Amino acid sequence: MKKIGWNFPSNDNGCVNGVSEAGIETFKGDVFKSLAKEICQNSLDARLDDDKPVRIEFYLSNIDIEDIPDFKRLHDVFVLSKKFWENNKKANDFYENALKILTSKKIRLLRISDFNTTGITGAREEKSSNWVDLVKSSGVSNKTGTAGGSYGIGKNAPFASSELRVVYYSTFDKDNIRAYQGVAKLASFEEEKSKGIISLKKKKVMTQGMGFYGNIENNLPVFEDFSLDNFKRTEIGTDLYILGFIKDDDWENEMIKSVLSSYLLSIYNGDLEIKIENVLISKMNLENLVQEYADDLTKGYYQVLCSPNTVHKEKEFAGLGNITLDILIGKDLNKRKVLMARGNGMKIFDKNRISSTMQFAGICVLKDKKVDEYFRSMETPQHDKWEADRHSNKKEAEKTIKELNKFIKDEIKDLGRNTILDEMDAVGASEYLPDDVVDVNTKEQNKKESLLNKTSSVSSLKKVNVMSSSKEGTQFIDESNLDDGNVNTDGEMNSDGNLPARKKHNKTSKNKNFNVCEYFGIPSSEGDSLLKNPIKIEPLSFRLFLYDKDNKQYKLSFIPKMSSLHSYIQIYLIGEQGSIPALVEMAYDSKKNKISCKKNKIYIGDLIANQKYTIIYSIDSDELCSMEVSIHGYNK
């Protein structure tokens with residue numbers, strides 16, 4: 001009869017392993033995120049029926065210490081290990097804490113069960129199988145194509161969440177094989193073992209530190225049902241039991257947040273359902289859970305998935321297959337990032353440094369197998385970024401990453417300047433300024449970018465302040481700036497928002513005394529009092545964007561909230577030390593009727609509340625610029 005229990009093989013006078021196992025330490029930084037990401041990835045990779053979602057359940061229980069299989073042997077191993085590493089502070093702290101847990105009456109146990117998966121196949125094989133790779137190998141992964149694992153160290157995430165570093169695997173696979181095995185990833189230690197089967201003499205033997213619960217003779221699994229919390233498996237799938245699960249009273253919330261962050265797409269697409277204790281996360285209730293648990297970044301991505309205004313792009317990329325890019329522009333999307341996802345919906349990272357002024361969110365999916373596999377080869381072991389050095393051809397990889405980044409940035413900026421918004425809150429108007437004008441990162445980044453590949457004279461951008469301007473006072477209009485064409489001294493606009501033909505005004509380039517009062521037809525006796533205190537006009541809606549890139553013309557559309565007399569617009573360039581008055585060269589309405597301008601002001605005449613006005617103008621600048629706009633006028 002085969003003996004079942006814990007066995008810690010000898011290292012055969014080889015390498016002595018310490019407590020700081022690299023694979024486990026990799027996932028110590030964010031335990032819940034790592035656990036959620038790796039577990040869900042493995043289950044999605046083993047999906048059985050593509051027409052049904054993969055289901056994963058997380059349940060925490062407290063079991064009696066005596067219910068741990070071969071508990072006495074496991075306890076003795078921790079005692080021996082603590083003694084061997086007593087002069088190593090980190091190891092001593094680990095074993096001291098572990099022994100406190102093992103001397104308690106109860107122990108925390110997290111069970112993770114998946115359904116609609118193949119289970120862990122190949123339990124009867126002794127090499128090169130899913131079972132061997134997952135349970136008994138280090139740094140081994142045979143996953144290919146769209147499968148998530150690349151390095152074979154993701155299997156260490158469950159151990160990072162165990163204060164004992166002990167995990168049990170149990171499966172009922174698609175070939176109707178039931179198997180289970182326990183794994184302990186500890187440090188090497190010395191123990192006395194018999195020299196042979198017959199001999200009673202013992203000698204001290206150094207172990208590898210990694211031990212197995214199962215068939216002691218050859219460290220193979222046991223081919224029976226297994227449960228530590230009375231769970232009975234009737235469906236094909238896998239159960240993981242994490243012994244000594246880390247104590248954190250907020251673990252449920254942290255796991256929910258991590259799942260929503262890493263697998264939002266998979267859940268939304270109906271590929272994944274997760275139950276954490278009594279909370280079910282599925283496509284049906286995703287919206288409510290996002291609102292309750294998700295951070296602002298994830299909430300923004302969810303808007304991208306649901307909004308009717310989301311723009312979908314699909315592109316054959318670099319001969320590797322199709323990628324998709326979904327973009328949503330909105331004033332509340334202030335994180336300005338794009339979720340970069342694997343083909344199975346798993347988030348890799350959040351791409352930033354796209355625009356410092358536009359407000360948007362986006363989702364980019366490496367859709368096809370070949371492009372997914374190409375970028376997978378550059379992922380870090382934590383699957384949270386790409387590093388070109390990991391690819392077999394570093395220079396090619398760097399070029400491909402840059403090409404993808406450029407595609408994303410160009411598409412978002414093109415959409416930002418071409419999107420037409422009929423109604424937009426005035427306070428949020430700055431979010432929709434054309435990003436193709438100048439895109440400059442924050443001062444902390446200390447780096448400028450321009451689509452014109454030039455350095456702008458405006459050294460930094462900031463938000464447009466539609467409502468306020470510190471530049472008060474009334475400018476005089478030099479008559480030499482006015483053309484001989486039609487001039488409308490009333491300054492009124494038609495109902496369509498265009499200025500009607502202006503009356504001719506006799507002027508001479510030498511006349512320096514022509515002023516605003518005369519221009520607007522205000523009696524000189526009333527001019528000082530009427531024009532003394534201009535008011536700021538609040539727009540109901542507002543849009544400013546690049547109208548003609550070649551001629552550097554801008555188009556401004558707005559709807560005033562109130563009526564006003566003798567109104568004008570002030571234009572400023574945005575600089576690091578504040579705004580700089582722009583020099584407006586010309587302005588006209590959409591029907592090419594000229595509008596008078598002087599320095600940084602455009603004189604538009606009387607405004608009528610709730611009526612749309614459109615103005616096209618250019619400024620004296622060889623480069624495209626970001627601007628601040630304020631609207632002023634006088635009470636009727």
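Values below: all heavy atoms of this structure, side chains included; hydrogens, waters and symmetry mates excluded. Worth saying up front: this structure is predicted, and the values here are computed from it rather than measured.
The ring pair (Phe, Tyr, Trp, His ring centres under 6.0 Å) test with Tyr617 singles out one residue from Tyr554, Tyr603, Tyr588, and that residue is Tyr554.
The 12-atom threshold is exceeded at NZ of Lys28, counting heavy atoms of other residues, nucleotides or ligands nearer than 6.0 Å. Other residues, nucleotides and ligands contribute at most 12 non-hydrogen atoms within 6.0 Å of the NZ atom of Lys33. Residue Lys561 places its NZ atom among 12 or fewer non-hydrogen atoms of other residues, nucleotides or ligands, all under 6.0 Å distant.
In this structure, Ile412 and Met358 have side chains that are in contact, with non-hydrogen atoms separated by less than 4.5 Å. Proximity of Pro560 to Ile537: side-chain heavy atoms (C-beta onward) are separated by under 4.5 Å at one or more points.
Taking the ring centre of Tyr374 as origin, the terminal cationic atom of Arg376 falls outside the region bounded by 6.0 Å and 45° from the ring axis. Figure legend: Lys37 and Tyr263 shown without cation-pi pairing, the cationic atom not lying both under 6.0 angstrom from the six-membered ring centre and within 45 degrees of its axis.
With respect to Lys395 and Glu398, no salt bridge is recorded, no charged nitrogen being found less than 4.0 Å from a carboxylate O. Residues Glu411 and Lys409 are not paired through a salt bridge, judged by the lack of any N-O separation under 4.0 Å between the basic side chain and the carboxylate. A salt bridge between Asp271 and Arg47 is present, with a side-chain N of the basic residue lying under 4.0 Å from a carboxylate O of the acidic one.
When only modelled atom types and interatomic distance are considered, Asn322 and Glu314 share a side-chain donor-acceptor pair under 3.5 Å. When only modelled atom types and interatomic distance are considered, Lys413 and Ser355 share no side-chain donor-acceptor pair under 3.5 Å. A donor-acceptor contact under 3.5 angstrom links the side chains of Gln570 and Tyr572, judged on distance only. For the 3.5 Å distance criterion, the side chains of Ser567 and Ser564 qualify, holding a donor opposite an acceptor. Under 3.5 Å, the side chains of Tyr301 and Asp350 contain a donor-acceptor pair of N or O atoms. A donor and an acceptor atom, one from each side chain of Thr380 and Asp384, are located under 3.5 Å apart. No donor-acceptor contact under 3.5 angstrom links the side chains of His312 and Thr310, judged on distance only. Side-chain contact, Asp250 with Asn253: a donor N or O sits under 3.5 Å from an acceptor N or O.
The ring of Phe558 has its center no closer than 6.0 angstrom to the ring center of Phe542.
Minimum heavy-atom separation, Leu280 to Leu289: O-CD1, 3.4 Å. Counting all heavy atoms, side chain and backbone alike, Ser261 lies closest to Thr298 at CA-OG1, 3.9 Å. The nearest pair of heavy atoms linking Glu379 to Arg390 is O-CD, 3.3 Å.
The aromatic rings of Trp386 and Phe349 lie perpendicular to each other, with more than 60° between the two planes, well past the 30° mark.
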**Prompt:** Which is it for Glu387 and Lys385 under the salt bridge (Lys or Arg N to Asp or Glu O under 4.0 Å) test, yes or no, and what are the steps along the way?
**Reply:** CA-CA 7 Å; Glu387 293 176 346; Lys385 61 183 175 181; 3.7 Å; yes
